[in-house]
Asker: 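The structure's right below; bear with me while I get my questions together.
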Amino acid sequence: AQSVTQPDIHITVSEGASLELRCNYSYGATPYLFWYVQSPGQGLQLLLKYFSGDTLVQGIKGFEAEFKRSQSSFNLRKPSVHWSDAAEYFCAVDSNDYKLSFGAGTTVTVRA
Amino acid sequence: ETGVTQTPRHLVMGMTNKKSLKCEQHLGHNAMYWYKQSAKKPLELMFVYSLEERVENNSVPSRFSPECPNSSHLFLHLHTLQPEDSALYLCASSQERGLGANVLTFGAGSRLTVL
């Protein structure tokens with residue numbers, strides 16, 4: 001069965017600084033990969049997804065992620081964070097019908 | 001109204017109560033899901049419906065009973081819950097079943113507290 005690991009439980013970053021969130025997955029073949037964001041009191045919103053092709057994918061809100069097969073990673077990045085980026089971020093992998101596996105999430109705090 | 005709508009947003013119930021959570025999607029999607037979100041744990045898939053047929057039941061206790069009367073509506077009926085069932089219950093939908101098609105649209109969730 002596939003699994004997803006987000007090594008960082010909590011990250012604090014200054015407004016305007018860069019952000020990188022780590023995601024590692026365990027799966028034998030090439031998975032379908034996702035990043036979702038959850039703002040307080042809200043459901044999850046899709047930031048970006050990787051299915052195939054270019055390993056650097058662009059998403060909404062200025063986020064991007066890079067798929068690295070050799071490292072089984074799909075890290076999320078943003079060059080310059082805004083206070084509104086404070087939220088919880090979830091990496092997910094889909095390798096079977098219906099079965100999205102989520103990581104435990106990384107909480108991002110943005111300080112002024 | 002668009003997207004996935006969940007009601008109620010907050011629910012407090014005793015262990016002997018019976019209540020229901022409702023989910024409605026206005027996206028024309030064919031698959032609907034219930035997830036449980038507990039603090040600092042990965043989302044747990046509870047149930048999946050495709051074209052109103054249940055296709056997944058992830059060993060969920062029988063005190064949780066789903067119902068999907070049509071492709072736009074999904075319910076989660078709750079009875080004799082335990083305090084450890086307190087969590088955020090998220091409903092989601094997706095266009096089609098199939099590998100890689102699981103781009104989920106989530107509702108805002110129903111925060112359940114069991115006393």
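In what follows, every chain begins at residue 1, and chains take the letters A, B, ... in the order their sequences are listed. As the structure is a prediction and not an experimental result, all values here were calculated from the model.
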Asker: Please look at B:Gln37 and chain A and tell me whether the side chain, the backbone, both or neither of the residue comes under 4.5 angstrom of a heavy atom of that chain.
Answerer: side chain
Asker: Using a strict cut-off of less than 4.0 Å between a Lys/Arg side-chain nitrogen and an Asp/Glu carboxylate oxygen, indicate whether A:Lys78 and A:Glu64 qualify as a salt bridge.
Answerer: no
Asker: Can you tell which part of A:Leu46 gets under 4.5 Å to a heavy atom of chain B, answering side chain, backbone, both or neither?
Answerer: side chain
Asker: So which part of B:Arg111 gets closer than 4.5 Å to some heavy atom of chain A, the side chain, the backbone, both or neither?
Answerer: neither
Asker: Please classify the contact of B:Leu90 with chain A as side chain, backbone, both or neither, using a heavy-atom distance under 4.5 Å.
Answerer: side chain
Asker: Using ring-ring contact (aromatic ring centres under 6.0 Å, His included) as the criterion, point out the one residue from A:Trp35, A:Tyr89, A:Phe34 that pairs with A:Phe63.
Answerer: A:Tyr89
Asker: So, A:Asp85 and A:Lys61, do they make that salt bridge, N to O below 4.0 Å?
Answerer: no
Asker: Only one of B:Trp34, B:Phe64, B:Phe47, B:Tyr35 passes ring-ring contact (aromatic ring centres under 6.0 Å, His included) with B:Tyr89; say which it is.
Answerer: B:Phe64
Asker: So for A:Gln45, is it side chain, backbone, both, or neither that comes closer than 4.5 Å to the heavy atoms of chain B?
Answerer: neither
Asker: Within the distance-only criterion (no hydrogens, no angle test), does the side chain of A:Gln6 pair as donor or acceptor with the backbone N or O of A:Asp8 below 3.5 angstrom?
Answerer: no
